[in-house]
Amino acid sequence: MGHRMSPERSQSGLAIYPGSFDPVTNGHLDLITRGAKIFDRMIVAVAQNLDKDPLFALKERVEMLEAVTYEMRNVEVDVFDGLLMDYARAKGARAVLRGIRAVSDYEYELQMAMMNRKIEPDIETVFMLPAEAYSFLSSRLVRELARLGGTERLKDLVPAVVEQHLRAKVG
Ligand code: PNS
């Protein structure tokens, strides 16, 4: 007999993993896998409104994410519009998950996390580190590499389904 926590107290609840996912990379997938081990449930939330035109339409970004998370039983894919924290609150999330690769990510992430805390103080931003192999990887560089360097160079950087979509897109 001991002081075991009740199952309820040991639960880490729902986390939202938001982003543009234009397109999802192996770095995102690494983070989703890590997050899914920590949280009971995760929603990968694709932002509908981006500052600039995405390469992939919302529907395609969602389809690729659904394909790569298909076997993860506690991971769902959804879209959101407007403020992330309004969406997270409506879903009953306890945390927002973000990945930090290098120090250069930190300043932007700090600003966003602090703004989000001001909007919704009860939802924590949780930062996780991707595997070292992906610490240089970004959707922006993947798009550039596909456009200028050829899609055969994308192996190991994006899932196969994303490689196919990129090939279809950039030729
Ligand atoms: O993958 P990204 O582009 O780094 O994701 C950024 C994203 C979509 C998570 C962020 O821009 C966002 O949350 N946008 C929704 C609007 C919002 O809530 N902004 C932060 C508070 S002003």
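Both ligands and their constituent atoms are indexed starting at 1 by order of listing.
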> Can you tell if the side chain of T69 reaches within under 4.5 Å of the side chain of V24, non-hydrogen atoms only?
Replying inline: no
>> Go through it in stages, so that I can follow the logic: the residues are D156 and N26, the test is side-chain hydrogen bond (donor to acceptor under 3.5 Å, both in side chains), and I'd like the CA-CA distance, side-chain angles, deciding distance and then a yes or no.
In response: CA-CA 7 Å; D156 300 334; N26 284 347; over 6 Å; no
>> Within the 4.5 Å heavy-atom criterion, are K169 and F56 side-chain neighbours or not?
In response: yes
> Between R41 and E76, does at least one N-O distance fall below 4.0 Å, as a salt bridge requires?
Replying inline: yes
>> With heavy-atom distances below 4.5 Å as the criterion, would you say the side chains of R147 and L55 are in contact?
In response: no
Enumerate the pairs of nitrogen or oxygen atoms, one from ligand 1 and one from the protein, separated by less than 3.5 angstrom; state names and distance to 0.1 Å.
| residue | atom | partner | partner atom | Å |
| --- | --- | --- | --- | --- |
| ligand 1 | 1 (O) | S20 | N | 3.0 |
| ligand 1 | 1 (O) | S20 | OG | 3.4 |
| ligand 1 | 3 (O) | S20 | OG | 2.5 |
| ligand 1 | 4 (O) | R98 | NH2 | 2.9 |
| ligand 1 | 5 (O) | R98 | NH1 | 3.4 |
| ligand 1 | 18 (O) | L84 | N | 2.8 |

> In Å and rounded to the nearest 0.5 Å, what is the OG1 to OH distance from T25 to Y134?
Replying inline: 8.5 Å
